[in-house]
Amino acid sequence: SYLSLYILARLNLAKIELEEGRAHAAAAFLKEAAPLIGNQGPLSYELEFLYGEALYQQKDFHQAAEKYEACLADPM
């Protein structure tokens, strides 16, 4: 569906921005996708991981660790 493609496009654009070292731009794409993804399911874990990457690039290591730990939550 269009919504699924919109979400995936935002996540992929965030990945590109992270590869280019533009953490703030990546975070903006993730912020757009977050309300549509919610906090359950595989995409929510990818969203948290990518937020962690953006925070890590910004040297906000405490917040990055929290995002990475959220990825480790039991999905069941």
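From a predicted model like this one, the values you see are computed outputs, not experimental measurements.
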Joint hydrophobic cluster, [X] plus [Y], side-chain heavy atoms closer than 4.5 Å:
{"X": "Tyr6", "Y": "Ile16", "value": "no"}
{"X": "Phe29", "Y": "Leu11", "value": "no"}
{"X": "Leu50", "Y": "Ile7", "value": "yes"}

Which of parallel (below 30°), tilted (30 to 60°) and perpendicular (above 60°) describes Phe61 and Tyr56?
->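 If you compare the ring of Phe61 with that of Tyr56, the planes turn out perpendicular.
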Taking atom [atom1] of [X] and atom [atom2] of [Y], what is their separation to the nearest 0.5 Å?
{"X": "Cys71", "Y": "Tyr45", "atom1": "SG", "atom2": "OH", "value": "9.0 Å"}
{"X": "Tyr68", "Y": "Glu53", "atom1": "OH", "atom2": "CD", "value": "3.5 Å"}
{"X": "Leu5", "Y": "Asn12", "atom1": "CG", "atom2": "CG", "value": "10.5 Å"}
{"X": "Leu43", "Y": "Glu48", "atom1": "CG", "atom2": "CD", "value": "12.0 Å"}
{"X": "Arg10", "Y": "Ile37", "atom1": "CZ", "atom2": "CD1", "value": "11.5 Å"}

Identify each donor-acceptor pair in which a side-chain atom of residues 17-27 lies under 3.5 Å from a protein atom, sequence neighbours left out, and give them as a table.
from: Glu17; atom 1: OE1; to: Arg22; atom 2: NE; distance (Å): 2.5
from: Glu17; atom 1: OE1; to: Arg22; atom 2: NH2; distance (Å): 3.1

Glu46: what forms a salt bridge (charged side-chain N to carboxylate O under 4.0 Å, His left out) with it, not counting sequence neighbours?
->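 Glu46: salt bridge (charged side-chain N to carboxylate O under 4.0 Å, His left out) contacts with Lys15.
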Would you indicate whether the side-chain heavy atoms of Lys31 and Tyr51 approach each other to under 4.5 Å?
->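 Tyr51 vs Lys31: side chains touch.
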Quick one: closest heavy-atom pair of Gly38 and Ser44, and the distance?
->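 Between these two residues, the closest heavy atoms are O-CB, 3.7 Å.
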